[in-house]
Amino acid sequence: MRRALADLFKILDTQIEERAPYLAEDNPELAAFPYVNGGFFSDEDIEIPPFTDEIRDLLLNKASKSFDWSEISPTIFGAVFKSTLNPETRRSGGMHYTSIENIHKVIDPLFLDDLKAEFAQCRSVPYRWLRRESRNSVIFRKN
């Protein structure tokens with residue numbers, strides 16, 4: 001598993017056009033991963049600890065199969081990230097966590113306020129629901 005993670009990190013750090021020419025043939029699963037810009041996977045000296053069978057099973061079965069990660073707030077990951085690295089390590093690596101509140105201070109006036117206003121306007125248009133029995137589908141019609 002350690003070798004697989006090291007290979008994955010190398011792929012994530014390599015632009016697609018710079019990858020081995022036969023990677024897609026030899027390892028299509030690995031080739032399917034995108035390039036991740038920003039140097040996050042560029043540290044070749046990263047230490048990957050050994051995985052016990054229990055940890056491997058936990059990661060592959062409990063934390064991935066049929067687990068919906070979309071329901072986990074990014075704030076949780078930010079808090080874990082912030083609490084596991086000391087501030088100097090984070091700073092020297094250019095790693096920064098931005099709170100949702102601070103993100104909204106930027107994106108709300110930039111475009112989100114306008115989108116919310118447009119959505120509110122769309123919701124105010126009166127529509128009524130009609131059900132077509134022949135197709136059993138819902139359609140909208142403006143009053």
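The side-chain heavy atoms of Thr14 and Phe41, taken from C-beta on, include no pair separated by under 4.5 Å. Proximity of Thr52 to Ile55: side-chain heavy atoms (C-beta onward) are separated by under 4.5 Å at one or more points. Contact annotation: the side chain of Asp13 never approaches that of Val36 to less than 4.5 Å [non-hydrogen atoms, C-beta and beyond]. Taking the side chain as every heavy atom from C-beta outward, Met1 and Leu59 approach each other to under 4.5 Å. Annotation: side chain of Arg19 is in contact with side chain of Tyr35 (closest heavy-atom distance under 4.5 Å). Looking only at side-chain heavy atoms (C-beta outward), Asn27 and Ile11 stay at 4.5 Å or farther from each other.
Across all non-hydrogen atoms, the minimal contact from Ala24 to Ala31 is CA-CB, 3.7 Å. Shown here for Thr75 and Ile100, the closest heavy-atom pair between the two residues is OG1-CD1, 2.9 Å.
Counted within 6.0 Å of CG on Asp53, heavy atoms from surrounding residues, nucleotides or ligands total 12 or fewer; the atom is thus considered open. Within 6.0 Å of the CD atom in Glu17, the count of heavy atoms belonging to other residues, nucleotides or ligands exceeds 12. The environment of CD in Glu88 is crowded: more than 12 heavy-atom neighbours from other residues, nucleotides or ligands sit within 6.0 Å. Enclosure of atom CD in Glu118 is not indicated, since only 12 or fewer non-hydrogen atoms of other residues, nucleotides or ligands lie within 6.0 angstrom.
Linking ILVMFWY side-chain heavy atoms closer than 4.5 Å, directly or via other members, places Leu110 and Leu115 in a single hydrophobic cluster. Hydrophobic cluster membership is shared by Phe33 and Leu23, with clusters built from Ile, Leu, Val, Met, Phe, Trp and Tyr side chains linked at under 4.5 angstrom.
Of the inter-residue distances, the one linking Ser42 atom OG with Leu12 atom CG reads 11.5 Å to the nearest 0.5 angstrom. Here CD of Glu101 is found 11.0 Å from CG of Asp108. Values are rounded to the nearest 0.5 Å. Distance CZ/Phe51 to CG/Asp57: 13.0 Å, rounded to 0.5 Å. To the nearest 0.5 Å, atoms CG (Asn102) and CD1 (Ile107) are separated by 11.5 Å.
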